Amino acid sequence: MNVLAFIDVKDGKPIGTSLELLTAAKEIGETADAILVGEGLEEAAQAAAKCGAGKVSVVEAEGLLTEEALSSILAQAAEAYDLLLLSATTLGKTITPQVAGKLGAGSANDVIKVSVEDGKVKVLRPVYSGNLQQELAIKTDKAVVSVRGGSYDKPQEEGAAAPVEKLDLAAEEDALRSKIVDVIAEAGETVNLEDAKVVVCGGRGMGTKEDFESLCGALADVLGGVVGASRPVIDSEWISRTRQVGQSGKIISPDLYIGCGISGASQHVSGMRDSKYIIAINKDEEAPIFEIANLGIVGDVKKVIPILVEEIKKRKESEG
Ligand SMILES: Cc1cc2nc3c(=O)[nH]c(=O)nc-3n(C[C@H](O)[C@H](O)[C@H](O)COP(=O)(O)OP(=O)(O)OC[C@H]3O[C@@H](n4cnc5c(N)ncnc54)[C@H](O)[C@@H]3O)c2cc1C
């Protein structure tokens with residue numbers, strides 16, 4: 001099986017979840033190559049090259065690429081491969097079926113495991129808010145699959161770097177009917193929630209926008225993490241929609257998730273249940289979030305969070 005992993009780049013660096021694709025690619029592929037598309041990709045290409053890719057191809061493309069243009073380039077590059085892997089980010093999930101359509105390939109989005117059986121790709125993916133897992137066998141010779149962040153470990157950097165080569169590809173004419181003129185980042189859209197190692201999620205139990213911002217913000221700051229939220233918080237416009245965690249938001253798997261005043265509804269839990277360590281703070285000891293928490297704190301967020309922040313600060317100071 002020849003596997004190509006699309007390494008998505010933000011601010012010149014590969015997003016963590018896309019490097020994880022190389023672990024999956026190496027596990028199942030005789031060939032595990034990487035491709036990057038865009039401009040200013042030298043550093044990101046080197047990172048992929050050191051993370052075990054067989055070969056790294058760089059397609060230079062100026063300016064901001066539309067999804068159609070990116071799909072067109074990836075489809076041409078993937079012609080030579082049996083399987084193209086993408087990260088199941090918003091972009092990845094959008095272009096996976098587009099690339100598959102161009103290649104006449106079978107596709108699956110948001111999978112948590114990829115394997116090969118009788119030369120064909122088999123995937124495992126969560127369904128019904130993560131309450132069931134579905135095994136899909138892709139019947140076509142080629143497959144395009146997006147993989148949920150955190151499903152595979154990020155590969156360790158190796159001493160020797162793979163060769164990096166330029167690939168002369170451009171989007172086909174019919175993929176250039178629209179162009180991106182400008183991208184205006186929403187306020188607070190500077191962090192990639194899916195890449196964060198620590199996520200402090202606030203829920204309706206935070207009470208007010210001010211408490212949500214100051215308390216969740218302080219806890220996230222002291223831990224070097226980012227703030228996420230449940231849907232009622234988004235609906236109340238306490239923070240940008242890009243921070244929503246859950247079924248209709250982002251799927252995250254940080255090393256540490258702290259849920260503050262969040263009940264643990266299945267639609268929220270399906271977006272964070274793969275977090276490596278889960279702490280829940282809730283005043284209701286019957287709250288469902290405690291069923292999946294590694295550590296539960298029964299108490300008022302307004303009392304517990306300031307104590308936690310102070311304690312963490314003290315520990316950090318004493319450790320120098
Ligand atoms: C189709 C669909 C898609 C959805 N998608 C999402 C999604 O992507 N993400 C998402 O989050 N939700 C989603 N929802 C909504 C979901 O069903 C829940 O309504 C939501 O997750 C509840 O958010 P919450 O836990 O913040 O609020 P609540 O369920 O109201 O829970 C608040 C919690 O805070 C606790 N609390 C209150 N005051 C305090 C205090 N002072 N100290 C400590 N604890 C306190 C309470 O005990 C309670 O457990 C979706 C729903 C539908 C129907």
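Numbering of ligands and ligand atoms starts at 1, following listing order. Just so we're clear, the structure is a prediction, and the values are computed from it rather than from any experiment.
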> Taking heavy atoms and a distance under 4.0 Å, where does Met206 meet ligand 1: side chain, backbone, both or neither?
Replying inline: neither

> Which atoms of ligand 1 are found less than 4.0 Å from any heavy atom of Gly299?
Replying inline: 42 (N), 43 (C)

>> Against Val147, only a single residue in Leu85, Asn109, Asp110, Leu86 fulfils side chain to side chain contact (heavy atoms under 4.5 Å, CB included); can you say which?
In response: Leu85

> What atoms in ligand 1 come closer than 4.0 Å to a heavy atom of Gly203?
Replying inline: 26 (O)

> Counting heavy atoms only, which of Gly205, Ser270, Gly228 comes nearest to atom 39 (C) of ligand 1?
Replying inline: Gly205

> atom 42 (N) of ligand 1: which protein heavy atom is closest, and how many Å away?
Replying inline: Val301 N, 2.9 Å

>> When you compare the side chain of Ile7 with that of Ile35, does any pair of heavy atoms fall below 4.5 Å?
In response: no

> Heavy-atom contact under 4.0 Å between Gly271 and ligand 1?
Replying inline: no

>> What protein heavy atom lies closest to atom 1 (C) of ligand 1? Include the residue and the distance to one decimal.
In response: Gln247 NE2, 4.1 Å

> Which atoms from ligand 1 have a heavy atom of Gly261 less than 4.0 Å away?
Replying inline: 26 (O), 32 (C), 33 (C), 34 (O), 44 (N)

> Which ligand 1 atoms does Val245 reach within 4.0 Å, using its non-hydrogen atoms?
Replying inline: 7 (C), 8 (O), 9 (N), 10 (C), 11 (O)

> Does the protein place any heavy atom closer than 4.0 Å to atom 28 (P) of ligand 1?
Replying inline: yes

>> At less than 4.0 angstrom from any non-hydrogen atom of Ala265, what atoms of ligand 1 do you find?
In response: 16 (C), 17 (O), 18 (C), 21 (O)

>> As an exercise, identify every atom of ligand 1 less than 4.0 angstrom from a heavy atom of Asp284.
In response: 47 (O)

> Side chain, backbone, both or neither: which part of Ser230 has a heavy atom under 4.0 Å from ligand 1?
Replying inline: both

> Which atoms from ligand 1 have a heavy atom of Asp300 less than 4.0 Å away?
Replying inline: 40 (C), 41 (N), 42 (N)

>> I need the contact type for Ser263 against ligand 1. Using non-hydrogen atoms and a strict under-4.0 Å cut-off, is it side chain, backbone, both or neither?
In response: both

> Do Tyr81 and Leu83 belong to the same hydrophobic cluster, where Ile, Leu, Val, Met, Phe, Trp and Tyr are linked whenever their side-chain heavy atoms lie under 4.5 Å apart, directly or via other members?
Replying inline: no

> In the protein, what heavy atom is nearest to atom 30 (O) of ligand 1, and what distance, to one decimal place, separates them?
Replying inline: Arg204 NE, 2.7 Å

>> One residue to check: Val304. Relative to ligand 1, which of side chain, backbone, both or neither has a non-hydrogen atom less than 4.0 Å away?
In response: neither

> Which of the atoms of ligand 1 are close to Gly249, meaning less than 4.0 Å from one of its heavy atoms?
Replying inline: 8 (O)

